[in-house]
Protein chains: 2
Amino acid sequence: MVKKSDATKARLLQAATQEFAMYGIAGARVDRISAAASANKNLIYVYFGNKEQLFDTVYQAAIEELLEAAPFDAEDLPGYAGALFDFYVAHPHLIRLARWHALERPGDEVLPVAYGATQDKLRKLSAAQSAGLVDAGMPAHALLTLILVLSAAWSDGSPEARATGDAELAALHRHSIVVSVGRLVRPPRGAGDSRG
Amino acid sequence: MVKKSDATKARLLQAATQEFAMYGIAGARVDRISAAASANKNLIYVYFGNKEQLFDTVYQAAIEELLEAAPFDAEDLPGYAGALFDFYVAHPHLIRLARWHALERPGDEVLPVAYGATQDKLRKLSAAQSAGLVDAGMPAHALLTLILVLSAAWSDGSPEARATGDAELAALHRHSIVVSVGRLVRPPRGAGDSRG
DNA sequence: GACGAGAATCTAACCGATCAGTTAGATTTG
DNA sequence: CAAATCTAACTGATCGGTTAGATTCTCGTC
């Protein structure tokens, strides 16, 4: 059954995502969110508790969306990094949410869903290292962090991005990331896989 | 001559740096800053204008400190990345300031001092590429961004940092960064430099 | 070296605006 | 009718910024 309130909830969540991505938790305004959602302010408190919990809900949804967007492939890590890059370009607000969260909730433990996904990635990555498909010169968790960081290198707030909408520049950035990850993970001596 | 007000100004700046690093611009409280500096709130407005301008002053000082800390060396980029990592470990609040700035002042142009320093780095990097000391497979500006991003990979807010104060882990992170940058910048065929 | 005017420095109290959260009730739905 | 959904107005606290005035320092003049 389609409930009326579900649509309102969805509009509020959508508006809250924009607002939190733009201004962070401290900077977000509950009145702006309800106005943008064409909903009454009180509904936020009825449906989501308060501003902090609303952020939690928004953030959880964003993380889940991100996890689904780029399936982890330990045997093609450059491709995985490229997919992440594409996702960040397509959804710039999600990475902003993640950065706000890191800054405004320093002590927050990782969401269960994200934790599970990370453990899964680490397992696959270790296996690929053992199989000789990926360089084993550093532990899987370090390698994973570096790959993730490289993927997000140009996603907002980096030294010389600024010129948005430049497809040529974006292509260069993507290429740089893919090449970099390739160099990071390529095993020193041949072990089955080789790429053109 | 040593002016009394200079000491007050310095205390305010110190307190403001802590406050902004902790809470960002929107989250920072001028009353907390003045209290932490044991100074009257009004002095902030007398000396620095307002909260936004106080942040500008704090941020500018932080950038200058960061630029002085790790001298750029295009011929030893892994070492440069390592020095940056060390600085981030020693001064965790400065990188937080930079991240707050990126999020809360999206359209802000780069500070002149930072712009100048970046141009200088790019020139040196290009020269090193031309000389065959550094891989020329991607433009200098892209390479520089990737190096900077790698250096800051574990500086706050990354997936599995959390355990601060762990010297062994920090050493692993530093090593991972140095090795990664080494792989990034090493030219494909021998060109003078070779490393163990 | 005393002294006083004026500038520099500092203080405490205040103010208007804003904001998260509440309440009481209207309207719709089942 | 009763529960779910929604609305508008209100509230108490907080916060950035201001104001008026107290205190201290600077320096020329006698």
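In the text below, chain A, chain B and the rest are named by the order of the sequence lines, each starting its count at 1.
Looking at A/Asn42, its side chain comes within 3.5 Å of the base of C/dT23 through a donor and an acceptor atom. Under 3.5 Å, the side chain of B/Lys51 and the base of D/dG17 form no donor-acceptor pair of N or O atoms.
For B/Thr8 and C/dC10, the shortest distance from a side-chain N or O to OP1 or OP2 is below 4.0 Å. The side chain of B/Tyr47 places an N or O atom within less than 4.0 Å of a non-bridging phosphate oxygen (OP1 or OP2) of C/dC10. OP1 or OP2 of D/dT14 has not a single side-chain nitrogen or oxygen of B/Arg29 nearer than 4.0 Å.
Of the candidates B/Arg96, B/Arg29, B/Arg32, B/Lys51, B/Glu19 forms a salt bridge (charged side-chain N to carboxylate O under 4.0 Å, His left out) with just one, namely B/Arg32.
When each of C/dA20, D/dT7, C/dT11 is scored by its nearest atom to the side-chain atoms of B/Asn40, the top-ranked nucleotide is C/dT11.
If you check every strand for non-hydrogen atoms under 4.0 Å, B/Asn50 touches sugar and phosphate atoms only. Residue A/Ala26 is classed as having no contact, given no heavy-atom separation below 4.0 Å to the nucleic acid.
Whole-Å rounding puts the A/Leu12 CG to D/dT7 C1' distance at 14 Å. Residue A/Phe48 contributes atom CZ, which lies 16 Å from atom P of C/dA20 at whole-angstrom precision. With rounding to whole Å, B/Arg32 atom CZ is found 12 Å from D/dT14 atom P.
Note: A/Phe20 and A/Phe55 have perpendicular aromatic rings, judged against thresholds of 30 and 60 degrees for the angle between ring planes. Classified by interplanar angle (parallel below 30°, tilted 30° to 60°, perpendicular above 60°), the ring pair A/His173/A/Trp154 is parallel.
Between A/Asp56 and A/Arg105, at least one side-chain N (NZ, or NE/NH1/NH2) sits under 4.0 Å from a carboxylate O, which counts as a salt bridge.
Projected onto DNA chain D by closest heavy-atom contact, A/Val46 and A/Lys41 fall at different nucleotides, the more 5' of which corresponds to A/Val46.
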